[in-house]
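Structure first, then comments.
In what follows, every chain begins at residue 1, and chains take the letters A, B, ... in the order their sequences are listed.
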Amino acid sequence: MSNISYISNTDREREEMLSAIGAEDVEELFSAIPEEVMLDRPFEIPEGMSEMELVELAQEKAERNLSLGEIDSYLGAGSYDHYLPAIIDHLVLRQEFYTSYTPYQAELSQGTLQTIYEYQSMICELTGMGISNASLLDGGSAVGEAVLMAARFTRSDKVVLSSTVHPAYRRVARTYGYPQDIDFNEIEMHEEEPVVKVDEIIDAVDAETAAVVVQYPNFFGAIEDIEKLNDALEDSDTQLIVVANPIALGMLTPPGELGADIAVGEAQPLGNVVNYGGPYLGYLAIRDDRRLLRKMPGRLSGRTTDDEGNEGFVMTMQTREQHIRRERATSNICTNENLNVVMAAIYMGAMGKQGLQDVADHCYQKTRYLKDQLAELEGVEIVNGDNHFHEFWMKTDKSAAEIEKGMIERGILPGVDLSQFGEVEGLLVNVTEKKYKEDLDNYVSTLEVVLQ
Amino acid sequence: MSNISYISNTDREREEMLSAIGAEDVEELFSAIPEEVMLDRPFEIPEGMSEMELVELAQEKAERNLSLGEIDSYLGAGSYDHYLPAIIDHLVLRQEFYTSYTPYQAELSQGTLQTIYEYQSMICELTGMGISNASLLDGGSAVGEAVLMAARFTRSDKVVLSSTVHPAYRRVARTYGYPQDIDFNEIEMHEEEPVVKVDEIIDAVDAETAAVVVQYPNFFGAIEDIEKLNDALEDSDTQLIVVANPIALGMLTPPGELGADIAVGEAQPLGNVVNYGGPYLGYLAIRDDRRLLRKMPGRLSGRTTDDEGNEGFVMTMQTREQHIRRERATSNICTNENLNVVMAAIYMGAMGKQGLQDVADHCYQKTRYLKDQLAELEGVEIVNGDNHFHEFWMKTDKSAAEIEKGMIERGILPGVDLSQFGEVEGLLVNVTEKKYKEDLDNYVSTLEVVLQ
Amino acid sequence: MKEPLLKDYSTPGRTGYSLPEIEVPEVDPGENLPGWALRDEAPGLPEVSEVDVVRHFTSLSELNYGVDSGIYPLGSCTMKYNPKVNEDIARIPGLTMLHPYQPERHVQGSLSLLYELKQYLAEISGMDEVSLQPASGAHGEYVGLQIILNYLEDNGEGDRNKVIVPDSAHGTNPATATMCGMEVVEIESNDRGMIDLDELEEAADEDVAALMLTNPNTLGIFEKDIREIAEIVHEAGGLLYYDGANMNAVMGYARPGDMNFDVIHYNLHKTFSTPHGGGGPGSGPVAVKEELKPYIPAPVLSKEDDEYYWDSDRPKSLGKVHAFNGNYAVMLKAYAYIRGQGAGGLKRVSENAVLNANYLKQQLIDEFDLPFAADSFHEFVISGRKQKKEHGVTTQNIAKRLLDYNQYAPTIYFPLVVEEAMMTEPTETENKESLDNFADIMKTIAREAEEDPEMVKNAPHEAPVGHLDEAEAARNPDLCWG
Amino acid sequence: MKEPLLKDYSTPGRTGYSLPEIEVPEVDPGENLPGWALRDEAPGLPEVSEVDVVRHFTSLSELNYGVDSGIYPLGSCTMKYNPKVNEDIARIPGLTMLHPYQPERHVQGSLSLLYELKQYLAEISGMDEVSLQPASGAHGEYVGLQIILNYLEDNGEGDRNKVIVPDSAHGTNPATATMCGMEVVEIESNDRGMIDLDELEEAADEDVAALMLTNPNTLGIFEKDIREIAEIVHEAGGLLYYDGANMNAVMGYARPGDMNFDVIHYNLHKTFSTPHGGGGPGSGPVAVKEELKPYIPAPVLSKEDDEYYWDSDRPKSLGKVHAFNGNYAVMLKAYAYIRGQGAGGLKRVSENAVLNANYLKQQLIDEFDLPFAADSFHEFVISGRKQKKEHGVTTQNIAKRLLDYNQYAPTIYFPLVVEEAMMTEPTETENKESLDNFADIMKTIAREAEEDPEMVKNAPHEAPVGHLDEAEAARNPDLCWG
């Protein structure tokens with residue numbers, strides 16, 4: 001019998017080392033711990049096991065799940081199941097990427113630093129913004145950080161928030177804003193269409209407004225009238241924060257071209273597996289403005305030269321960061337989501353200019369097809385009408401819970417039950433490029449049965 | 001839509017290249033092919049598909065199999081399901097190992113060459129032989145090559161073959177021997193015990209006998225009296241070829257210490273997945289004899305020095321090989337099983353001195369436990385008695401086919417039905433370290449039910 | 001050695017992806033969406049083949065140094081070997097292909113795993129409840145401090161606005177306090193590298209909300225007076241926050257809960273060997289004492305009659321800090337690590353981490369200054385001030401010179417309380433040969449600093465790039481290839 | 001850069017593995033087995049930790065050059081990009097965790113896949129039946145030639161004992177003929193790099209059993225007279241064997257079956273991009289014409305009423321050459337490659353392979369001699385004889401100098417008919433930039449050979465090791481660390 005152990009030293013080597021130190025035994029090394037806080041019993045944790053048993057244990061856990069491979073899922077709402085090219089995992093499992101540390105010693109970290117630089121660049125290309133950071137912890141916390149950043153920048157604490165921003169993002173933003181006394185003003189949706197009342201936003205903005213936050217496409221998959229919003233904000237100091245889905249930007253006009261000051265969001269759809277919600281990566285990009293840059297949270301990789309004039313990359317603008325600036329830092333963020341950044345960079349590179357447009361087109365066309373078929377069913381209302389990217393809000397005569405139950409029995413997860421967010425009723429249905437026409441037709445005919 | 005394509009050049013680049021060559025179109029490059037052999041229709045092969053569809057297609061195929069993860073298998077007979085440490089696949093998937101070529105340019109192939117050298121060394125440690133090659137195509141062809149090698153070395157063509165050598169290996173050896181007019185004399189088993197009649201072997205050997213071939217443990221898992229055999233052969237020119245299972249050599253005296261001239265066999269059990277029979281790797285090791293070495297088939301990696309005196313590795317003794325010696329080569333072998341060699345080297349390294357003994361002990365003890373329980377059942381005969389390593393021959397009152405049917409219905413693959421080899425009846429039952437006591441007890445109680 | 005940018009491989013019309021047919025009838029999006037919302041121009045992403053992408057990122061990887069490349073003695077970072085089996089487990093499709101909004105009854109396997117993980121983390125720290133939501137150590141600090149502030153507010157102590165931080169603390173501690181709207185009060189370490197009780201007593205007034213502390217601290221020294229420290233803070237009405245960065249030092253020996261800490265965060269990527277990934281993803285679970293339970297982030301993973309569920313009915317919760325359930329896949333690896341090691345294995349981890357650090361320190365103290373003579377735990381701090389003073393060779397120079405020997409450097413210039421600090425943490429997965437080798441190289445560099453200081457000052461000489469101009473990078477930021 | 005041997009990491013008592021408890025009662029094996037059969041001493045394997053093993057093989061890998069590192073223009077080896085998705089497919093547990101003796105009804109998924117693969121291989125080559133059993137190209141040759149010999153014998157022509165091989169053939173061809181007990185008759189190429197029909201006519205007498213041929217041949221030249229060649233051999237009573245090493249040149253354009261070859265072997269690891277693995281595993285399926293079907297290795301994968309099975313009732317079969325079913329996992333990758341490419345994709349592969357070769361040749365012929373002016377297919381042979389004659393720089397020197405530029409070298413000194421040969425095959429997965437870059441470096445080396453021949457002769461200068469002493473290695477073989 002031998003349990004897993006990654007310790008190299010043998011008993012004999014430990015003896016030699018103890019004797020070099022001048023200690024009797026290993027316990028002696030812990031003698032600085034006062035008696036009264038010394039743990040006098042073993043942990044109540046099972047004893048270790050072999051690698052073989054461990055793998056079996058994990059497989060047993062997996063078998064008690066019903067994974068997306070075993071049911072036809074239409075869940076989205078901020079976490080999207082796109083096809084992940086095989087190369088991503090092969091490359092990211094290069095130990096040089098996944099077992100390395102934050103690139104503090106730039107000379108032995110050029111791989112990470114250049115990858116971050118390329119990620120930053122591709123995020124800028126996609127969002128139309130001037131500067132991207134090296135990721136934040138997820139889409140939700142990125143929205144929180146964006147709000148704090150806008151508040152710091154404008155020295156104001158009022159934020160106008162569209163109620164069509166993902167409920168979880170709004171909740172995280174409030175958590176982030178709370179200790180800074182950010183005053184959130186949430187603007188309602190239209191009654192007929194799942195978009196915010198832009199006029200009400202415009203009315204709510206005043207000179208003290210640090211930021212307006214809208215989502216694009218919004219939580220319900222619909223396109224807000226950002227053009228109008230930007231026209232109204234253009235001459236104000238209020239920062240326009242656009243929470244954008246990066247896959248949608250394969251088709252939609254980038255936030256940078258629509259006047260966004262800060263584009264932010266969840267970059268999981270770029271090459272990252274659904275993973276029950278994490279690890280994901282928040283992206284945050286800003287217009288090309290040095291003053292705004294100084295308020296930006298998170299790491300940045302910059303291109304520079306070495307003493308022989310060769311190009312190289314370093315972490316830069318570190319004086320914004322906690323390890324240098326401590327209590328005056330722009331954020332406390334330290335570890336971010338670098339390996340997810342690597343995956344997103346590989347994904348953007350592999351799909352490229354044409355592929356990203358193609359994925360977006362798949363999403364759009366297939367969603368439209370499903371939505372059109374469903375709209376014909378009796379007892380179904382598509383709240384979005386024609387306004388959607390790859391997600392729509394469906395109301396049914398029967399409750400969402402009933403629909404979900406009936407569909408699951410028939411092998412389909414029909415969408416996210418909106419009632420869990422406590423605001424509206426119905427299902428939020430997402431379609432990605434992974435669906436075939438056959439799946440969509442099956443969804444329609446199954447729902448027809450369940451509705452009866 | 002876009003199918004898989006690994007071609008980098010664009011249409012425009014192709015135009016540029018054609019124009020540099022001075023060709024009108026790509027078809028022109030094929031104009032040397034005479035009209036009458038030009039294919040004038042597309043292949044009758046389905047059109048290509050996307051990576052996503054391809055993965056789904058493969059998964060559908062997999063779902064139509066019943067894999068060892070889904071049934072409790074006791075199949076062995078030359079292909080063994082041992083636990084494979086997780087590190088093996090991680091390391092072997094380093095592209096530098098698996099996408100490289102045969103190490104003809106030694107300076108850029110030191111990784112492969114040193115790994116082969118270490119494999120050769122560890123095979124020698126395990127078998128007690130002096131020289132190992134860099135692998136042959138599998139255990140069966142390795143036996144064939146060993147026989148041809150012995151014939152070349154002794155300039156004789158008579159081979160005495162134990163009938164307890166794996167039937168497939170015997171068949172392959174005969175195929176290899178046929179064009180060289182090797183005369184095989186097959187010696188029968190004892191009637192009571194699944195071991196060969198060693199005295200008959202000894203009687204059959206004469207001055208023209210190139211080799212005697214025995215297996216250790218033999219096909220039925222039993223230990224032949226190799227000591228006695230070697231005593232009889234010691235002063236003859238006849239080469240003693242021992243086909244040995246490398247896992248068993250964690251416990252058993254190595255062939256080198258038992259007087260083998262050539263140790264050979266299937267090294268799949270060292271870190272290679274069962275993979276429906278391939279790719280596996282044949283190992284072949286000989287006593288430390290320069291004359292014998294010159295007759296050896298296959299590649300060898302040797303340690304040498306570079307012009308600055310640093311150690312390095314090269315393919316050596318290549319004058320035995322086909323790419324140098326052509327029709328006078330010791331074998332036609334070119335590509336061998338290098339990646340399997342890498343896996344075997346990692347496995348031997350990871351398990352190490354203690355681990356390999358421990359695996360052998362697991363196999364032996366668990367096999368003995370199962371065999372003892374089964375021996376108590378009515379209607380069961382263990383032909384091996386106590387003579388076994390990790391496999392034994394079980395005869396039952398009911399036919400093996402009936403037993404297999406009943407056991408499979410209850411989730412157990414009880415062993416290899418020996419009748420398929422056309423020589424004897426019964427089941428060959430294998431137990432590796434992957435079995436728990438619970439599995440073995442379940443085997444026993446299930447068989448009891450099936451026997452009724 | 002240098003690798004071009006991915007965009008430099010770009011050629012118009014080249015692609016490296018594949019997708020099935022769309023199959024459904026296609027419509028012009030312009031029929032349904034406003035014209036302004038549709039891109040005029042394709043995104044300026046590279047146009048490259050699969051081969052290009054694979055070769056590019058393979059080449060980039062070769063410019064990095066990972067734990068599998070050798071020793072990585074970054075103090076406070078706990079760069080230990082990352083088990084390959086954990087990566088396999090975190091890639092089992094039945095564990096990864098789960099959507100965060102799937103019905104709970106479909107994810108009972110994973111929820112049971114996470115629930116067990118919570119129990120282990122509570123046991124290891126001696127705390128009562130755990131939130132898995134924070135996605136990194138700093139995120140955990142942020143949550144932990146907010147828990148404290150919400151608790152205080154709820155108990156009518158909302159005016160407290162000071163957080164005490166020792167001068168040896170990680171930068172995240174004061175930064176977190178600021179994010180939480182607190183004023184930071186820094187107290188000096190005493191000459192033994194520990195908290196000065198008198199200073200603390202003075203700082204701990206009626207405004208104090210919390211003391212943030214690591215134990216053993218960033219000097220690798222155990223704060224022996226921890227119970228007195230806790231008493232002083234508690235008596236003043238504040239709470240104690242434990243920065244779990246150094247948990248690798250004391251597993252099985254001492255628990256923050258038993259030291260009377262109220263809140264702790266873990267760094268699963270440090271202690272439990274889920275790899276650092278070049279800077280994340282990490283995971284920073286927070287563990288709290290009983291009375292703080294109501295304030296932890298919602299929803300809370302709970303169990304009733306063998307069914308696991310997310311309890312959202314938490315009226316006093318501070319809310320959410322992550323859109324979903326935190327860095328789940330990182331938790332899978334931590335779970336695998338803990339179950340593989342088991343109770344005894346975790347204790348052996350700390351024992352060996354401490355033994356390795358003490359042994360390595362012993363090898364180095366003849367050549368380098370040791371600012372504090374106290375017993376070290378899993379890391380220690382030496383100083384290059386002698387080399388700087390005598391030869392003008394800075395700790396930065398020494399670090400760069402180490403790279404030439406294909407060794408990663410210790411954490412340098414931290415903690416701030418030590419001049420020319422080299423904070424060194426070998427971890428338990430290095431062996432004696434590896435430590436001896438590192439020590440020999442450090443001694444060689446010390447000799448080189450005497451004999452050829454200019455050469456050391458110009459290091460690195462063997463790295464893929466030379467010394468990079470950081471000042472220029474900050475002056476004229478080039479952050480995007482566009 | 002140099003990595004010690006694994007045994008140099010060994011320390012008594014160190015381990016790096018884990019196993020469960022044995023659980024069952026243990027007995028002393030000595031009670032049941034003879035004493036002589038039990039080891040006195042443990043096998044002398046290394047005693048190392050998991051970390052040691054991982055770092056060791058990671059370091060070793062860094063001393064290698066793979067296709068993902070860059071161009072690999074080895075003529076006749078077809079070093080193309082190896083798709084990552086194929087590796088994933090070949091690791092699906094439902095495909096890999098199959099035992100060769102499982103009941104056929106449990107492996108219908110895999111058998112259907114192999115059966116389809118057989119059909120594709122028959123179609124691509126224009127043959128009628130396929131054996132998947134041979135585990136490499138040379139193994140395929142061995143099987144193919146034995147099929148021919150068994151057929152001849154069965155038809156009363158067993159006395160035929162000659163195999164004709166052109167002088168440009170791979171070494172495996174004559175070596176295989178010898179293993180099959182045949183006498184090798186080598187015929188010279190004509191001045192256009194092709195078979196001389198008169199020579200062939202002369203060699204093709206009543207003793208000829210077979211002609212072994214590659215087409216396009218190893219000079220990258222298509223044997224235009226192939227139908228006449230076939231007629232000559234067939235009229236003499238011999239059969240035609242096609243060495244499939246160069247199939248990457250002609251897919252979708254020409255099929256060996258239509259050229260009247262009787263037997264062909266494939267190298268799945270070449271044409272169908274299952275990686276070479278540093279020298280295997282490969283796979284060498286053999287395809288035959290109708291009349292040779294009875295002789296192929298047994299068992300034969302067959303189909304009846306949608307059920308797939310191994311047909312062992314093959315009385316005329318040559319027998320087995322592999323214990324089980326050949327290199328199954330390699331076949332999985334070839335199947336994935338063929339299905340991913342499809343009919344049109346395979347044709348595009350050959351088109352681009354041929355275009356790349358012709359383009360690269362065009363870039364090089366100003367600096368290097370081109371011994372045969374004929375149209376090239378997927379590879380071409382240039383000669384360094386000018387450099388050797390004028391500057392004493394050999395092709396070997398040029399090859400080693402290429403390594404300094406981090407380019408793999410062409411196949412050198414083969415085919416034997418060309419002095420100072422450099423047989424160059426870029427494959428379809430290289431792009432124009434990569435070819436231009438390689439050509440530029442070759443031109444630079446040609447210039448260096450003029451200007452600084454000594455430097456080129458002493459290459460490599462930048463590789464992990466310098467020029468290695470092969471003569472010493474052969475004189476005093478050190479093949480084992482023991």
query: Which residue, A:E125, A:E118, A:Q120, forms the side-chain hydrogen bond (donor to acceptor under 3.5 Å, both in side chains) with C:W481?
result: A:E125

- prompt: Heavy-atom distance under 4.5 Å to chain C: side chain of A:E266, backbone, both or neither?
  reply: neither

message: Tell me which of these, C:G482, C:G252, C:A463, has more heavy-atom pairs under 4.5 Å with chain A than the rest.
response: C:G252

field: Top contributor to chain A contacts, counting heavy-atom pairs under 4.5 Å, from C:A254, C:S283, C:A329, C:P93
entry: C:A329

message: Would you compute the distance between atom CG of C:N431 and atom CZ of A:R14 and round it to the nearest 0.5 angstrom?
response: 11.0 Å

statement: Answer key: most heavy-atom pairs under 4.5 Å with chain A among C:N267, C:I92, C:D88, C:L332 is C:I92

- request: Could you verify whether a donor N or O on one side chain and an acceptor N or O on the other, from A:Y280 and C:N327, lie under 3.5 Å apart?
  value: no

field: Heavy-atom closest pair, residues A:S301 and C:L479
entry: O-CD2, 3.6 Å

field: Partner set under side-chain hydrogen bond (donor to acceptor under 3.5 Å, both in side chains) for A:Q105, not counting sequence neighbours
entry: C:K400

Proximity breakdown for A:R368 and chain C, heavy-atom pairs closer than 4.5 Å: side chain

- prompt: Can you say whether A:S135 sits under 4.5 Å from chain C via the side chain, the backbone, both, or neither, judging by heavy atoms?
  reply: neither

- request: Using the six-membered ring wherever Trp is involved, compare the ring planes of C:H276 and A:Y101 and label them parallel, tilted or perpendicular (cut-offs 30° and 60°).
  value: tilted

message: Return the CD to OH distance between C:Q341 and A:Y6, rounded to the nearest 0.5 Å.
response: 6.5 Å

field: Residue among C:G16, C:S112, C:A399, C:G282 with most heavy-atom pairs under 4.5 Å to chain A
entry: C:S112

message: Is A:D361 close to chain C through its backbone or its side chain, or both, or neither, when contacts mean heavy atoms under 4.5 Å?
response: both

field: Under 4.5 Å from any heavy atom of chain C - which part of A:Q357
entry: side chain

query: So which of C:G66, C:C480, C:G342 has the biggest tally of heavy-atom pairs under 4.5 Å with chain A?
result: C:C480

query: Which region of A:L75, side chain (C-beta onward) or backbone (N, CA, C, O), has a non-hydrogen atom less than 4.5 Å from a non-hydrogen atom of chain C, or is it both or neither?
result: both

- request: On the 0 to 90° scale, with breaks at 30° and 60°, tag the A:F30-C:F377 ring pair as parallel, tilted or perpendicular.
  value: perpendicular

- prompt: Do C:T172 and A:N332 get their side chains close enough for a donor-acceptor pair, meaning under 3.5 Å?
  reply: no

message: Looking only at side-chain N and O atoms, does A:T305 offer a donor or acceptor that is under 3.5 Å from a partner on C:D469?
response: no

